[in-house]
J.: 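Below you will find the structure I want to go over with you.
All residue numbers in this chain count up from 1 along the given sequence. Just so you know, ligand 1 is whichever comes first in the structure, and atom 1 is the first atom listed for that ligand.
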Amino acid sequence: MSYKINQLLPYLGEEEKINLNKAIDDKWITEGPFAAEFISLLKKQTNSKHALLANNGTLALYLSLLAIDIKNGDEVIVPDFSFIASASSIVFAGGTPVFVDVDKENFNIDINKIEAAITKKTKAIMPVHIYGQSADLDPIKVLAEKYNLKIIEDAAQGFGVYYKNKHTGTIGDIGIISFFADKTITTGEGAVILTNNDKIFEKLQYLRNQGRKNSGTFTHAFLGMNFRMTDLQCAVGVAQIKKFPKIEQIKKEHYKQYKDELKDIAQIQFVKEETYSNLVPFRANIIVEKQEELIQHLENNQIQTRGFFYPLHKQPCFEYLNTKNEEIANTEFLSQNGISLPVFVDLTTKQISYVCNTIKEFYHV
Ligand SMILES: *Cc1c(COP(=O)(O)O)cnc(C)c1O
């Protein structure tokens, strides 16, 4: 089906093409000058002491879990409301995901339900900063200290998102940001791993580059793999990160237009905006009545619409964990009542009004 309005289009243009041409002319297409520049711009944006690139957010999470020594049998606490990679990466590292419910209003991990999930096997907590808003990290840090746990932040959707003026992904022991095509800035595929810890950084250097610190040597102190990005991707990344202030501003304007135009509809609720975080809208995410019918109505009007995540504890692939369902109610609610509206940069105010009017028509308001 072709849509009048897509769910998402990445914001790409001349700046990316100029950099790509340069990367090709330079004939350095694995990590090279653009990778170095991208890393330095990422450090500047996040104020992270260290930053390393990875092929994508999923593998960045996997690598990060290895770097903080997650091993067979270790439990890692993760919100039940996230993309599958938050949990699958734990399994691939040898650990066991333990799902915790989220807050019904801000969609992030419910900090009041974490402590009950901690056992003798718990080694880490993975807060996910969902839909461009930070989880509440201070109470998580208190628990991590009390029980001697590591914090690994899934800030895949958190580029430009700050918790009390610190960039998400830099507050725990380690964190990742994804540059997948639908993320706030994109390189098609790609990710960055952030840490302020020198030991973790050193371990990551070995793990991501065949067990050596620098390419070009053929003695390998440890076993590692290849988690490099290409300079072509980093060329795009450099252009993207320079455009981020504009991306943020326009997405916020779009989001505000949705809030203004839909504010009188009682059947619609926007995510609660917490004071400890800014919001870089990932989508215009709303809780609605009659979700399925509304999605159908929007699709009938050629507006591409997405539901929310499906509860992780109910995923067929996690059936073996036997998570008790009654303890996790809010992810269930969100998946049954949430929808994501497009908020990408190239949308016009006219298109957003069209989406809003289509919704108003559905509710007869
Ligand atoms: C996108 C995403 C990932 C995975 O990142 P990829 O780069 O697509 O592998 C992990 N966690 C969350 C919350 C995401 O949104």
Side-chain angles (χ1 to χ4, degrees), residues 7-8 10 38 42 51-66 70 76-93 95 97 99-100 102-103 106-109 124-135 137 151-161 163 167-169 172 174-194 208 225-230 233-234 236-237 240-241 251 271 277 279-283 285 306-313 315 317-318 331 334-335 338 340 343-344:
Q7 174 71 195
L8 183 116
F38 193 35
L42 285 164
L52 302 100
L53 302 173
N55 333 52
N56 56 56
T58 307
L59 290 171
L61 282 171
Y62 170 64
L63 197 61
S64 301
L65 288 156
L66 297 183
I70 296 302
V76 179
I77 290 174
V78 63
D80 194 52
F81 186 71
S82 184
F83 184 57
I84 188 76
S86 309
S88 58
S89 58
I90 296 168
V91 178
F92 281 106
F99 303 116
V100 168
V102 295
D103 184 282
N106 66 32
F107 312 162
N108 274 313
I109 193 163
I125 306 175
M126 183 194 291
V128 181
H129 307 293
I130 212 76
Y131 296 155
Q133 184 170 222
S134 173
L137 290 174
I151 297 175
I152 163 170
E153 293 174 72
D154 181 347
Q157 306 181 356
F159 188 84
V161 178
Y163 176 75
H167 199 285
T168 52
I174 193 165
I176 72 101
I177 300 172
S178 164
F179 305 123
F180 178 62
D182 80 337
K183 307 298 200 239
T184 302
I185 63 165
T186 184
T187 58
E189 302 281 354
V192 66
I193 304 174
L194 305 170
R208 74 182 294 278
M225 281 159 283
N226 175 357
F227 288 91
R228 290 188 297 270
M229 280 176 79
T230 66
Q233 293 168 306
C234 295
V236 173
Q240 286 273 302
I241 200 169
K251 280 189 146 188
V271 67
S277 177
L279 174 70
V280 180
F282 191 70
R283 300 284 197 280
N285 291 298
R306 288 263 192 287
F308 279 11
F309 295 118
Y310 188 68
L312 286 172
H313 78 277
Q315 295 286 358
C317 56
F318 289 130
T331 55
L334 294 181
S335 85
S340 296
V343 79
F344 60 88

J.: Does His129 come within less than 4.0 angstrom of ligand 1, counting non-hydrogen atoms of the residue?
T.: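 Outside the 4.0 Å threshold, so no.
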J.: So, is Ala85 polar-close to ligand 1, with some N/O to N/O distance under 3.5 Å?
T.: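 Ala85 vs ligand 1: no N/O contact under 3.5 Å.
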J.: May I ask you to check if ligand 1 and Glu189 share an N or O to N or O distance below 3.5 Å?
T.: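 Among all N and O atoms of Glu189, none is under 3.5 Å from an N or O of ligand 1.
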J.: Are the ring centres of Phe38 and Phe179 closer than 6.0 Å?
T.: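 Ring-ring flag for Phe38/Phe179: true, centres closer than 6.0 Å.
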J.: Enter the distance from Asn108:CG to Ser277:OG here, rounded to the nearest 0.5 Å.
T.: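 That separation rounds to 8.0 Å.
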J.: Quick one: which ligand 1 atoms are inside 4.0 Å of a heavy atom on Gly57?
T.: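 In order of numbering, the contacting atoms are 5 (O), 6 (P), 7 (O), 9 (O).
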J.: Identify the closest protein heavy atom to atom 11 (N) of ligand 1: which residue and atom is it, and at what distance?
T.: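 Going atom by atom, the protein heavy atom closest to atom 11 (N) of ligand 1 ends up being Asp154 OD2, 2.7 Å.
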J.: Keeping the roles fixed (side chain from His129, backbone from Asp154), state whether a donor-acceptor pair exists under 3.5 Å.
T.: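 No.
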J.: Provide the closest heavy-atom pair for Met229 versus Arg208 in the form atom of the first, atom of the second, distance.
T.: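 Smallest interatomic distance, heavy atoms only, reads N-NH2, 4.3 Å.
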J.: Return the minimal non-hydrogen interatomic distance between Ala87 and Phe99, and the atom names on each side.
T.: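 In this case the closest contact between Ala87 and Phe99 is CB-CE2, 3.8 Å.
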J.: Heavy atoms only, cut-off 4.0 Å: how does Val128 contact ligand 1, side chain, backbone, both, or neither?
T.: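 Near ligand 1, Val128 shows its side chain, while the N, CA, C and O stay back.
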J.: Answer side chain, backbone, both or neither: which part of Asn56 comes under 4.0 Å from ligand 1, heavy atoms only.
T.: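 The part of Asn56 near ligand 1 is both the backbone and the side chain.
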J.: With the threshold set at under 4.0 angstrom, would you say Ala191 reaches ligand 1 through any of its heavy atoms?
T.: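 Heavy atoms of Ala191 never come under 4.0 Å of ligand 1.
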J.: Closer than 4.0 Å to some heavy atom of Ser82 - which atoms of ligand 1 meet that?
T.: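 Once the distances to Ser82 are compared, the set is 13 (C).
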J.: So which heavy atom on Gln240 is nearest to which on Thr184, and how close?
T.: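 Heavy-atom minimum between the residues: OE1-O, 4.5 Å.
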J.: Taking only heavy atoms of Phe180 into account, list the atoms of ligand 1 that are under 4.0 Å away from them.
T.: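 Selected atoms, number and element: 7 (O), 8 (O).
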J.: Can you list the atoms of ligand 1 that are under 4.0 Å from a heavy atom of Thr58?
T.: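 Under 4.0 Å from Thr58, ligand 1 has these atoms: 4 (C), 5 (O), 6 (P), 9 (O).
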J.: Nearest 0.5 Å, what's the CD1-CD distance between Ile174 and Glu153?
T.: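 Going from the CD1 atom of Ile174 to the CD atom of Glu153 covers 10.5 Å.
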J.: State the atoms of ligand 1, each with its element, that fall below the 4.0 Å cut-off from a heavy-atom position in Ser86.
T.: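 That gives atoms 11 (N) of ligand 1.
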J.: Show the atoms of ligand 1 that are less than 4.0 angstrom away from any heavy atom in Ser178.
T.: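 Taking each heavy atom of Ser178 in turn, ligand 1 has 5 (O), 6 (P), 7 (O) under 4.0 Å.
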J.: The test is side-chain contact (heavy atoms from CB on, under 4.5 Å); show your working for Phe282 and Ile130 and say whether it passes.
T.: CA-CA 8 Å; Phe282 191 70; Ile130 212 76; over 6 Å; no
J.: Could you tell me, atom by atom, which parts of ligand 1 come under 4.0 Å of a heavy atom of Lys183?
T.: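 Counting atoms of ligand 1 from 1, those under 4.0 Å from Lys183 are 1 (C), 2 (C), 14 (C), 15 (O).
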J.: Does Gln157, backbone or side chain, put an N or O under 3.5 Å from an N or O of ligand 1?
T.: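 Yes.
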J.: May I ask you to check whether Tyr131 and Phe308 place their ring centres under 6.0 Å from each other?
T.: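 Centroid distance Phe308-Tyr131: below 6.0 Å, so yes.
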J.: Which distance, rounded to the nearest 0.5 Å, do you find between the OG1 of Thr186 and the CD1 of Ile241?
T.: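 Reported to 0.5 Å precision, the distance equals 12.5 Å.
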